[in-house]
2 protein chains.
Amino acid sequence: MVKPGKWTLVVVMQLRSETRRFSELRRGIGDISQKTLTITLRELERDGFVSRTIFPTIPPRVDYELTALGQELLQLADGWRQFAARNRVAVEAARHRFDLAAGEPAIRLVSSS
Amino acid sequence: MVKPGKWTLVVVMQLRSETRRFSELRRGIGDISQKTLTITLRELERDGFVSRTIFPTIPPRVDYELTALGQELLQLADGWRQFAARNRVAVEAARHRFDLAAGEPAIRLVSSS
DNA sequence: CCGCATCCATTTTGATACTG
DNA sequence: CAGTATCAAAATGGATGCGG
């Protein structure tokens with residue numbers, strides 16, 4: 001994968017443990033455009049992480065599913081998600097401290113009266 | 001981390017097991033602009049993954065080092081890197097198949113003579 | 001040496017309209 | 001329903017010049 005793409009892992013996590021139709025993915029993610037979802041799925045399919053099954057019915061139906069390789073990618077994505085969840089509070093606190101410190105002088109010479 | 005940034009993990013991996021100066025990082029990475037490196041380091045510092053130590057000498061010197069949280073991030077980055085290395089060949093093969101199949105008709109009716 | 005500010009090229013994304 | 005095409009908007013990244 002040369003360029004993961006902003007939505008790649010989100011899509012992979014949506015495919016956790018079940019086959020999904022295009023519109024199900026779209027609704028499940030919520031704020032992704034049709035175009036971006038299409039591109040993301042194409043890249044995942046191209047790299048062998050997702051399989052695509054077309055049912056030539058009317059209306060058409062397309063199912064997406066993780067391949068074995070895709071399942072491995074899901075494990076990594078989960079690792080990342082768990083890390084983010086575990087440390088969300090610590091990161092927010094660090095960020096808050098940093099933003100506060102930015103407004104203050106490097107060395108405080110006198111205490112404010 | 002709301003937005004990881006293209007170079008974030010590269011920088012973290014450069015900080016594996018040792019403190020680094022700004023210019024050392026720049027040379028070690030090789031193809032990153034000063035601006036982008038500065039921004040990447042600031043974000044990492046802001047979120048508590050990297051600590052920054054300023055030596056007010058002339059010329060100035062600034063050291064960067066992973067915090068405990070940063071070390072955890074490094075583990076994740078390594079996991080990703082190992083996954084990519086393990087599956088590089090498989091992904092390239094899948095990509096090649098996909099690109100070839102794109103040019104062919106969906107159903108081959110007759111064999112070429 | 002370190003890093004900020006500005007400008008500019010490239011990339012990425014979304015909105016919209018249209019097709020099978 | 002599941003895309004494709006096109007255009008405009010926004011984010012990103014690099015180059016350059018300046019400053020502590």
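Numbered from 1 within each chain, the chains take letters A, B, ... in sequence-line order.
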Return a single string for nucleotides 7-20 of chain C, one symbol per nucleotide in 5' to 3' order, where B is base contact, S is sugar-phosphate-only contact and - is none, cutoff 4.0 angstrom on heavy atoms.
B----SBBB----B
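Along DNA chain D, read 5' to 3', the first and last nucleotides having any atom under 4.0 Å from a heavy atom of chain B are D:dT12 to D:dG20.
The side chain to side chain contact (heavy atoms under 4.5 Å, CB included) check on B:Val12 picks up B:Leu44, B:Leu66, B:Leu73, B:Leu74, with sequence neighbours excluded. Scanning for side chain to side chain contact (heavy atoms under 4.5 Å, CB included) contacts around A:Ala94 gives A:Arg97, with sequence neighbours left out. Partners of A:Arg81 under the side chain to side chain contact (heavy atoms under 4.5 Å, CB included) rule, at least two apart in sequence or in another chain, are A:Met13, A:Arg16, A:Asp78. Residues passing the side chain to side chain donor-acceptor pair (under 3.5 Å) test with A:Thr36, sequence neighbours excluded: A:Ser33. Qualifying salt bridge (charged side-chain N to carboxylate O under 4.0 Å, His left out) partners for B:Glu72, counting only residues two or more places apart in sequence or in other chains: A:Arg86. Taking B:Arg88 as the reference, nothing meets the side chain to side chain donor-acceptor pair (under 3.5 Å) condition, with sequence neighbours excluded.
Residue pairs meeting the salt bridge (charged side-chain N to carboxylate O under 4.0 Å, His left out) criterion with at least one member in residues 19-43 of chain B, sequence neighbours excluded: B:Glu18-B:Arg20. The side chain to side chain donor-acceptor pair (under 3.5 Å) analysis of residues 52-62 of chain A, with sequence neighbours excluded, yields the pairs A:Arg52-A:Tyr64, A:Arg61-A:Asp63.
End-to-end axis angle of the helix from C:dC1-D:dG20 to C:dG20-D:dC1, from C1' rotation axes over five pairs per end: 40° (rounded to 10 degrees).
Non-hydrogen atoms lying under 4.0 Å from DNA chain D are contributed by A:Arg21, A:Phe22, A:Ser23, all within residues 15-23 of chain A.
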